[in-house]
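First the structure, in the form of structure tokens, and then the observations on it.
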Amino acid sequence: MSYVSDSSSLNKALRQQYLSLPQGHFCQVTYIWIDGSGEGLRNKTRTMDSEPKSIADIPEWNFDGSSTGQSKGHNSDMLLIPVCMFRDPFLLDPNKLVLCEVLKHTREPAESNHRNQCNKVMEKLKDLHPWFGMEQEYTLLGVDGHPYGWPRLGFPKPQGPYYCSVGADRAFGRDIVECHYKACLYAGIKISGTNAEVMPSQWEFQVGPCEGIEMGDQLWMARFLLHRVCEDFGVVATLDPKPMTGDWNGTGCHINVSTVQMREQGGIVHIEKAIEKLSKRHAQHIRAYDPHDGEDNKRRLTGCHETSSIHDFSAGVANHGASIRIPYRVAENKCGYFQDRHPAANCGPY
């Protein structure tokens, strides 16, 4: 039996009694931002006098950056700049969730604010209409760090029956997965699917296609919703790239990429050119595929368990063991997209 949090056993019917109270014309707006770790998400809520109709209606706010690893205590005010608004699937309409960039008091981007620079790059490349599809894997854990549904002593059966599985002896935590899916749809996330993954208690959801900066905004908000849903169920969703040592798959975030030229007839030429460029900066990109300069991915990219070696660059058609995979239908149609299989589950999408 997995350990779940004490909070998950609180009386949810009693909670609903209060959540269903009318709130008049007021609106609760929850501000969400990435903290100094580059991985963690923080949030706090304020009351607005009316429902905001667009992101322009939501004011800037501030927080204590010394408590989030983003400033020193003697000068700790950090600014929250709203950039993207979603419906709130927990407090329901008219309440909102708002993704924010973090700025210093000088209005310079915080060190952990990678969105600011990414947005500038995407603006320069907007004529290419870059599309991204993210395949976010994660693993469910008890609050003690043990995989959810795994025996307290020993291990479950070896990998094989769990991928896209059904059944109480092989699909662990489906309630969480389905609630997250519905929460994403309600919020306005471009979630395109979900499935059980190769390791038991490991799942995946897909977001996209998203154009430009939207890919990072959508994925970060989908991650927030995942953690928030898991909080209600009393379990933890980890994005650790290799949560269990041994003969178990790691956890990645495969990125499907295309430009308008790649999607047009004969676009395979542009796909091959892009792959050639990627091959020349393999070491540089490896350092960017997780928040710790590639150290996290060392445990995952071993050349085993459907991964390429972290030391080598490779590409192939329908090859799940390559750095870059060209789907079979793309090779057949001579246009489409390619998949970068390097990024770790805890990658920073921006």
Side-chain angles (χ1 to χ4, degrees), residues 5 30-45 61-84 97-119 134 136-145 180 202 205 207 213 215-231 235-244 250-253 255 284-301 310 342-350:
S5 70
T30 299
Y31 289 58
I32 299 161
W33 70 98
I34 303 161
D35 67 18
S37 71
E39 299 180 76
L41 287 161
R42 308 294 179 109
N43 68 101
K44 63 177 187 173
T45 305
W61 207 6
N62 59 66
F63 68 96
D64 172 18
S66 67
S67 298
T68 62
Q70 290 169 293
S71 68
K72 303 296 183 183
H74 64 275
N75 192 6
S76 63
D77 275 4
M78 304 292 285
L79 303 177
L80 291 172
I81 313 300
V83 295
C84 201
L97 302 177
V98 178
L99 186 68
C100 301
E101 282 194 24
V102 177
L103 302 184
K104 301 176 182 178
H105 70 280
T106 59
R107 303 197 71 83
E108 297 173 303
E111 284 76 8
S112 56
N113 180 0
H114 299 296
R115 185 188 188 277
N116 190 273
Q117 180 60 28
C118 182
N119 197 28
M134 292 75 68
Q136 177 68 71
E137 296 176 342
Y138 60 95
T139 306
L140 296 175
L141 308 176
V143 291
D144 59 347
H180 173 249
Q202 183 187 64
F205 64 90
V207 174
I213 196 66
M215 59 86 195
D217 297 346
Q218 292 265 331
L219 184 58
W220 273 115
M221 187 57 72
R223 287 175 173 179
F224 174 82
L225 296 180
L226 175 64
H227 293 307
R228 181 63 182 76
V229 168
C230 284
E231 180 184 323
V235 302
V236 175
T238 179
L239 304 186
D240 188 297
K242 186 70 174 178
M244 296 300 291
T251 313
C253 186
I255 310 293
Q284 177 183 341
H285 293 159
I286 284 293
R287 292 193 294 273
Y289 285 133
D290 70 54
H292 301 106
D293 296 324
E295 291 301 310
D296 289 344
N297 245 346
K298 280 184 178 178
R299 296 179 284 120
R300 168 178 163 262
L301 297 179
I310 196 170
H342 283 128
N346 62 344
C347 68
Y350 298 125

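Both backbone and side-chain heavy atoms feed into the values below; hydrogens, waters and symmetry mates do not. Since the model is a prediction, treat every value here as computed from it, not as a measurement.
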* Structure fact -> Output for pair (T30 OG1, L99 CG), nearest 0.5 Å, gives 12.5 Å
* Structure fact -> Across all chains, not counting sequence neighbours, the side-chain hydrogen bond (donor to acceptor under 3.5 Å, both in side chains) partners of D64 are S66, S67, S76
* Under 3.5 Å, is there a donor-acceptor pair between the side chain of D290 and the main chain of D296? -> yes
* To do: With sequence neighbours left out, write down each residue that passes side-chain hydrogen bond (donor to acceptor under 3.5 Å, both in side chains) with K44, or none if nothing qualifies.
  => none
* To do: Would you check if the side chain of Q202 reaches a backbone N or O of G250 as a donor-acceptor pair within less than 3.5 Å?
  => yes
* Working to the nearest 0.5 Å, report the span between CH2 of W61 and CG of L79. => 13.0 Å
* Asked: Roughly how far, to the nearest 0.5 Å, is CG of L97 from OH of Y31?
  -> 12.5 Å
* Asked: Counting distance only, does the side-chain N/O of Q70 pair as donor-acceptor with the main-chain N or O of I34 below 3.5 Å?
  -> yes
* Smallest separation among heavy atoms of Q136 and A345, with atom names -> NE2-O, 3.0 Å
* Can I213 and C118 be said to form a side-chain contact (heavy atoms from CB on, under 4.5 Å), step by step? -> CA-CA 7 Å; I213 196 66; C118 182; 3.7 Å; yes
* Which distance, rounded to the nearest 0.5 Å, do you find between the CE of M78 and the CG of L103? -> 8.0 Å
* For residues E39 and S37, is any side-chain donor paired with an opposing acceptor at under 3.5 Å? -> no
* Structure fact -> With sequence neighbours left out, the residues meeting side-chain hydrogen bond (donor to acceptor under 3.5 Å, both in side chains) with E137 are none
* Interatomic spacing from CG in N116 to CD in E108 - rounded to 0.5 Å -> 10.5 Å
* With sequence neighbours excluded, tell me which residues meet salt bridge (Lys or Arg N to Asp or Glu O under 4.0 Å) with R115. => E101, D217
* Structure fact -> Shortest non-hydrogen pair, P243 vs T139, comes out as CG-OG1, 3.5 Å
* **Heavy-atom pair with the smallest gap, counting every atom of T238 and L141** => CG2-CD1, 3.5 Å
* Using the six-membered ring wherever Trp is involved, compare the ring planes of Y138 and F205 and label them parallel, tilted or perpendicular (cut-offs 30° and 60°). => tilted
* Test side-chain contact (heavy atoms from CB on, under 4.5 Å) on R107 and I81 and set out the steps. => CA-CA 10 Å; R107 303 197 71 83; I81 313 300; 3.8 Å; yes
* Audit row: M215, L219, side-chain contact (heavy atoms from CB on, under 4.5 Å) steps and yes/no -> CA-CA 6 Å; M215 59 86 195; L219 184 58; over 6 Å; no
* Structure fact -> When rounded to the nearest 0.5 Å, the distance separating CZ of F224 from CD1 of I32 is 4.0 Å
* Structure fact -> For R42 and D35 the tightest heavy-atom approach is NE-OD2, 3.0 Å
* Asked: Does NZ in K298 sit with more than 12 non-hydrogen atoms of other residues, nucleotides or ligands closer than 6.0 Å?
  -> no
* Smallest separation among heavy atoms of A344 and P241, with atom names -> CB-CG, 3.6 Å
* **Chi angles and distances behind the side-chain contact (heavy atoms from CB on, under 4.5 Å) call for S112, T68** => CA-CA 11 Å; S112 56; T68 62; over 6 Å; no
* Structure fact -> In terms of heavy-atom contacts, N297 and P343 come closest through ND2-C, 4.2 Å
* Asked: What pairs with R299 under side-chain hydrogen bond (donor to acceptor under 3.5 Å, both in side chains), at least two apart in sequence or on another chain?
  -> D240
* Who pairs with H342 by ring-ring contact (aromatic ring centres under 6.0 Å, His included), at least two apart in sequence or on another chain? -> H282, Y289
* **Non-hydrogen side-chain atoms of V102 and L80 separated by less than 4.5 Å** => yes
